[in-house]
Amino acid sequence: MAASTADFPPKLTPHDPRVVSKTATINGKKYHYLFSAPLPPSDGSDASQPRGTVLLIHGWPDLSFGWRYQVPFLVSLGLRVIVPDLPGFGRSESPAELTAYSFKSVTHDLLELVESEVPGGRQQIEKEGGIIVGGHDWGGAVAWRFALWFPDVTRAVFSVCTPFWAPRAGEFVPLKQKVETVLPNFRYQLQLSGPEFEAQVKGEEKIRQFLSGMYGAKGPDGERVFTTEKGCLFENLPKMGKSPLLDEQEMDYYVKEVAGNDGGSMRGGLNWYRTSEVNYEDERELLKQLEKRGKNANGEKIVEPPALFVLATRDAALPPAMAQGMERFFDKKLMRREVEASHWALWEQPVKVNQAIAEFLGGVLTEGDAKL
């Protein structure tokens, strides 16, 4: 396996020539995505055929650029890498209808996106053994659902920070009820799903203040801009200093990309917090599909591909307790690793995250190479 340090392979920079910025219209929605692949050999042979395809999926508030430490590393392993801006983020479209942000809709879109990008489409993907799907935050939830909807074309799946939760039958449970009973760490989502944040945080100045605070900055007296209990503390926005996780060029890029979507509003990304009922309705169909595949009604062993979960020990939104008992949902043994990090583990601990991914993919790629 290729070595990984914080500087080698160097992380992506904004507008990095090692990636190509592309757009595609999938099911009527415009997706922006980054693409990178191993360089072909100078002799013109096809010896550099990638060993597989990786789809990386970001969360909130983030972009495809959130995987800047992982993309060059994965390419160094001989993989082609496709990293979309999800609907509502960056240069991707922000549809008005909430159904456009559901797990079902987005996973189906992303499969078509990968098929359109990989030479040979579905046939080549199947030859490779499927797609390696990775996610963080909302992207982790999408990655897990991708593996449920499309087990036959999922070669492996991994999630950083986001634990797996199974689709559930029974009555719909509103977000507020979940917060009051089993998920108090999601209380901030009540604010994000409502109108207040969308109205308060708009335009480059406010977005810069908010992102700085979300990415580790504090005020002069240690003030924070966001807590899981209350969400955004609007009065602290002007107090935020510089993020310790992004340099100035990276922060400028984030601000331009986030503020450039939907006229300076963060509405599109916030729609992900408004989809609980849409997802519930979609997953009634998913449960039927799982039943047809002979999967246990209580959710055990429903994730079929090889899987990795990287837990962040200091993630307040997705605390370690949420991942307890996950193993029962996996048909194959779940590989678990943990890093000492907050929610932004991809950036705080890139070496350890990359090492965990490399360890996981070692077996996946070796098995695949034998078949190619």
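Side-chain rings of F309 and F158 stay apart, their centers remaining 6.0 Å or farther from each other. The distance between the ring centers of Y273 and W138 falls below 6.0 angstrom. Between F330 and W144, the ring centre distance stays below 6.0 Å. Remark: aromatic rings of F65 and H58 are distant, center separation not under 6.0 Å. Taking the six-membered ring for Trp and the full ring otherwise, the centers of W344 and Y215 sit less than 6.0 Å from each other.
In this structure, K22 forms no cation-pi arrangement with Y33, as its terminal cationic atom is not both closer than 6.0 Å to the ring centre and no more than 45° off the ring axis. Taking the ring centre of Y31 as origin, the terminal cationic atom of R91 falls outside the region bounded by 6.0 Å and 45° from the ring axis.
Side-chain N/O atoms of S193 and R274 include no donor and acceptor closer than 3.5 Å. In this model, a donor atom of one side chain and an acceptor atom of the other lie less than 3.5 Å apart for Q124 and E128. Using modelled atom types, one finds no donor on one side chain facing an acceptor on the other under 3.5 Å when comparing N27 with H108. Looking only at atom types and distance, the side chain of S276 has no donor-acceptor partner in the side chain of N279 under 3.5 Å away. The closest side-chain donor-acceptor pair between Q249 and T13, if any, does not fall under 3.5 angstrom. With hydrogens and angles left out, the side-chain atoms of S159 and H136 include no donor and acceptor closer than 3.5 Å.
Taking a 6.0 Å sphere around CD of E340, one finds it holds more than 12 heavy atoms contributed by other residues, nucleotides or ligands. Within 6.0 Å of the NZ atom in K352, the count of heavy atoms belonging to other residues, nucleotides or ligands does not exceed 12.
Of the inter-residue distances, the one linking E115 atom CD with I131 atom CD1 reads 7.0 Å to the nearest 0.5 angstrom. How far CG of N261 is from CZ of R267: 8.0 Å, rounded to the nearest 0.5 Å. Rounded to the nearest 0.5 Å, atoms OG1 (T154) and CZ (F146) are 5.0 Å apart. Here the CG-CD1 distance, from L55 to I132, works out to 10.5 Å after rounding to the nearest 0.5 Å. E327 CD to R336 CZ: the interatomic distance, rounded to the nearest 0.5 Å, is 4.5 Å. Separation of atoms CD1 (I82) and OG (S64) is listed at 12.5 Å; rounding is to 0.5 Å.
No donor-acceptor pair closer than 3.5 Å links the side chain of R293 to the backbone N or O of L290. Here the side chain of T366 pairs no donor or acceptor atom with the backbone of G363 at under 3.5 angstrom. Formation of a donor-acceptor pair under 3.5 Å by the S36 side chain with backbone atoms of R18 is found in this model.
The aromatic rings of F103 and W165 sit tilted relative to each other, their planes meeting at an angle between 30° and 60°. Y253 and H15 have perpendicular rings, their planes meeting at more than 60° on a 0 to 90° scale where under 30° would count as parallel.
Across Y101, F210, W272, a single residue satisfies ring pair (Phe, Tyr, Trp, His ring centres under 6.0 Å) together with W60, and that is F210.
Listed by chain and number, the residues in a salt bridge (charged side-chain N to carboxylate O under 4.0 Å, His left out) with K218 amount to none (sequence neighbours excluded).
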List the atom pairs, donor and acceptor, that lie under 3.5 Å between side-chain atoms in residues 172-182 and the rest of the protein, sequence neighbours left out.
from: E180; atom 1: OE2; to: R187; atom 2: NH1; distance (Å): 3.4
from: T181; atom 1: OG1; to: Q177; atom 2: O; distance (Å): 2.7
from: T181; atom 1: OG1; to: K178; atom 2: O; distance (Å): 3.4

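Using a 4.0 Å cut-off between charged side-chain N and carboxylate O, E338 and R314 make no salt bridge. Comment: R145 engages E283 in a salt bridge, judged by a side-chain N to carboxylate O separation of less than 4.0 angstrom.
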